Number of protein chains: 2
Amino acid sequence: MPDQPKYQRRKEDRPQEIADAAFAAFAENGYAATRIDDVAKRAGVSKGLTYLYYKTKEDLFKAVVKNVVVRRVDALIGDVESTDLSSEAFIRGPLLSFMKKVPGSPIAIVIRLLISEGPRHPDLVDYYYENVVARGLGAITKFIERGVERGEFRREALEHQPHLFLAPMMLSIIWRLIFAEKQLNTDQLMESQVDMLLTQLRA
Amino acid sequence: MPDQPKYQRRKEDRPQEIADAAFAAFAENGYAATRIDDVAKRAGVSKGLTYLYYKTKEDLFKAVVKNVVVRRVDALIGDVESTDLSSEAFIRGPLLSFMKKVPGSPIAIVIRLLISEGPRHPDLVDYYYENVVARGLGAITKFIERGVERGEFRREALEHQPHLFLAPMMLSIIWRLIFAEKQLNTDQLMESQVDMLLTQLRA
DNA sequence: ATAGTTACTGACCAAAGAGTCAGTAAAGGC
DNA sequence: GCCTTTACTGACTCTTTGGTCAGTAACTAT
């Protein structure tokens with residue numbers, strides 16, 4: 001029987017492993033009800049090690065919440081800027097499919113955490129506003145404007161369109177966060193809305 | 001100097017006073033971060049008294065969350081059933097004005113609490129689904145159907161209309177829960193949506 | 001091998017907070 | 001006034017948990 005070492009030193013990977021475990025724990029139990037000890041167990045390390053990489057529970061929380069969403073939004077914005085589809089085709093294609101994915105993705109969890117913990121972490125809220133919301137809305141707005149310039153869309157009535165595109169997605173997210181099991185065809189909801197908005201936008 | 005009694009016995013009023021204080025505390029801090037001692041202080045009573053009227057913290061929480069919303073929804077449903085306005089006039093009038101009020105009302109707080117604590121209190125979620133969501137959606141659906149019977153609305157495409165009416169309200173609620181200060185004209189958002197939906201519904 | 005470095009462990013501490021209960025005093029009946 | 005009832009208080013207990021740190025053992029260099 002080979003003597004198995006009690007643990008391996010894996011300086012490089014630990015922080016991410018702990019962050020992943022923490023995300024799962026926060027997702028299940030929320031911030032306050034999550035025990036650091038529990039996070040450590042999930043990550044397969046001791047509590048002490050968690051404190052080596054993250055100074056406090058709050059630090060861990062913030063670090064975790066920040067790194068979940070940004071790269072997804074980056075990807076979407078990249079798509080928007082590089083696509084050669086017509087505006088309508090892009091909206092019906094990649095944008096709609098992105099919106100359909102969100103309610104079942106970690107983004108939804110982050111929204112739950114922002115709703116429950118946001119008020120006690122204003123800097124986290126600011127971070128999300130700047131890096132996710134503002135950029136996301138900006139991208140959609142730019143995209144509608146491009147449609148206008150190309151003569152695909154009418155100029156008027158685009159005041160609040162970006163938000164209206166997102167509204168059924170938001171409803172779907174919340175619905176699933178609260179009533180996970182109760183059926184609601186959220187995909188169809190978003191499709192109807194997109195249809196409706198495009199009809200109104202079309203030149 | 002009259003000797004002031006240390007306290008008054010007010011058996012009738014205490015439960016409600018404690019519940020109100022608890023709602024305020026839960027709204028500010030969430031469930032886990034709320035101290036019973038704090039609730040008691042807000043209500044101007046001792047911690048012990050809280051436990052006389054509510055067996056546990058969880059009992060208190062559930063009692064509080066249940067009694068905030070139901071009577072408002074009752075009122076709305078009462079309106080729906082007794083109005084003599086045309087369907088469109090009712091939607092543009094009382095329904096829209098109800099939806100505008102919600103994001104700044106205690107209902108929004110309840111939604112926050114359901115999102116953060118719902119998973120750990122499934123019976124509370126069920127209660128809300130039955131008493132608020134199902135009844136609310138039912139009322140709107142009935143109302144659209146009435147419009148159809150009267151020849152005001154087209155029959156088709158009313159599949160998911162009730163949810164679409166509510167979607168921008170949901171977005172507004174969440175927006176204000178997270179980004180309280182950041183401006184967004186949520187009223188106008190809901191008006192645009194109602195316009196759009198009515199245009200589509202109109203016979 | 002052996003010594004040195006440090007990633008990692010786990011027992012520990014101190015604070016906080018849910019829930020209890022013996023005792024107090026306010027109201028009401030006589 | 002006095003007695004009884006019970007709404008109410010507040011000090012106490014016991015558990016939980018965030019955070020610390022002295023010690024251990026996995027790797028590295030020589």
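If you're wondering where the values come from, they're calculated on a predicted model, not measured in any experiment. Every chain is numbered from 1 and lettered A, B, ... according to where its sequence line falls, protein lines coming before strand lines.
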With sugar-phosphate meaning primed atoms plus P, OP1 and OP2, does [X] contact a base, only sugar-phosphate, or nothing at under 4.0 Å between heavy atoms?
X: B:Thr34; value: sugar-phosphate
X: A:Ile36; value: sugar-phosphate
X: A:Tyr54; value: nothing

Where the side chain of [X] is concerned, which of [options] is the nearest nucleotide?
X: A:Ser46; options: D:dC8, D:dA25, C:dC8; value: C:dC8
X: B:Gln8; options: C:dA7, D:dT20, C:dA27; value: C:dA27
X: A:Arg35; options: C:dT9, D:dA7, D:dG18; value: D:dG18
X: B:Lys57; options: D:dG18, C:dA18, C:dC8; value: C:dA18
X: A:Lys11; options: C:dT9, C:dA7, D:dT9; value: C:dA7

Send over the distance from [X] [atom1] to [N] [atom2], rounded to a whole Å.
X: B:Asp59; N: C:dA18; atom1: CG; atom2: P; value: 14 Å
X: B:Tyr53; N: D:dT9; atom1: OH; atom2: C1'; value: 13 Å
X: A:Asp38; N: C:dG10; atom1: CG; atom2: P; value: 16 Å
X: B:Leu52; N: C:dA18; atom1: CG; atom2: C1'; value: 16 Å
X: A:Arg10; N: C:dC8; atom1: CZ; atom2: P; value: 8 Å
X: A:Asp37; N: C:dA11; atom1: CG; atom2: P; value: 11 Å
X: B:Lys41; N: D:dG10; atom1: NZ; atom2: P; value: 10 Å
X: B:Glu12; N: D:dA7; atom1: CD; atom2: C1'; value: 12 Å

Could you tell me the separation between the [atom1] atom of [X] and the [atom2] atom of [Y], rounded to the nearest 0.5 Å?
X: B:Arg42; Y: B:Glu28; atom1: CZ; atom2: CD; result: 4.5 Å
X: B:Phe61; Y: B:Arg120; atom1: CZ; atom2: CZ; result: 9.0 Å
X: B:Ile174; Y: A:Ile111; atom1: CD1; atom2: CD1; result: 8.5 Å

By nearest-nucleotide position on DNA chain D, the 5'-leaning member of B:Leu49 and B:Arg9 is B:Arg9

Select from A:Thr56 and B:Gly48 the residue whose nearest nucleotide in DNA chain D is closer to the 5' end of that strand.
B:Gly48

Walking DNA chain C from its 5' end, the first of B:Tyr7 and B:Glu58 to be reached, judged by nearest nucleotide, is B:Glu58

Salt-bridge test for B:Glu191 and B:Lys100: reply yes if a basic N is under 4.0 Å from a carboxylate O, no otherwise.
yes

More than 12 foreign heavy atoms under 6.0 Å from NZ of A:Lys182: is that the case here?
yes

In terms of the angle between their ring planes, are B:Phe143 and B:Phe90 parallel, tilted or perpendicular, with boundaries placed at 30° and 60°?
tilted

D:dC8 phosphate, OP1 or OP2: any side-chain N/O from B:Tyr51 under 4.0 angstrom?
no

Can you say whether a donor on the side chain of A:Lys47 sits under 3.5 Å from an acceptor on the base of D:dG18, or the other way round?
yes

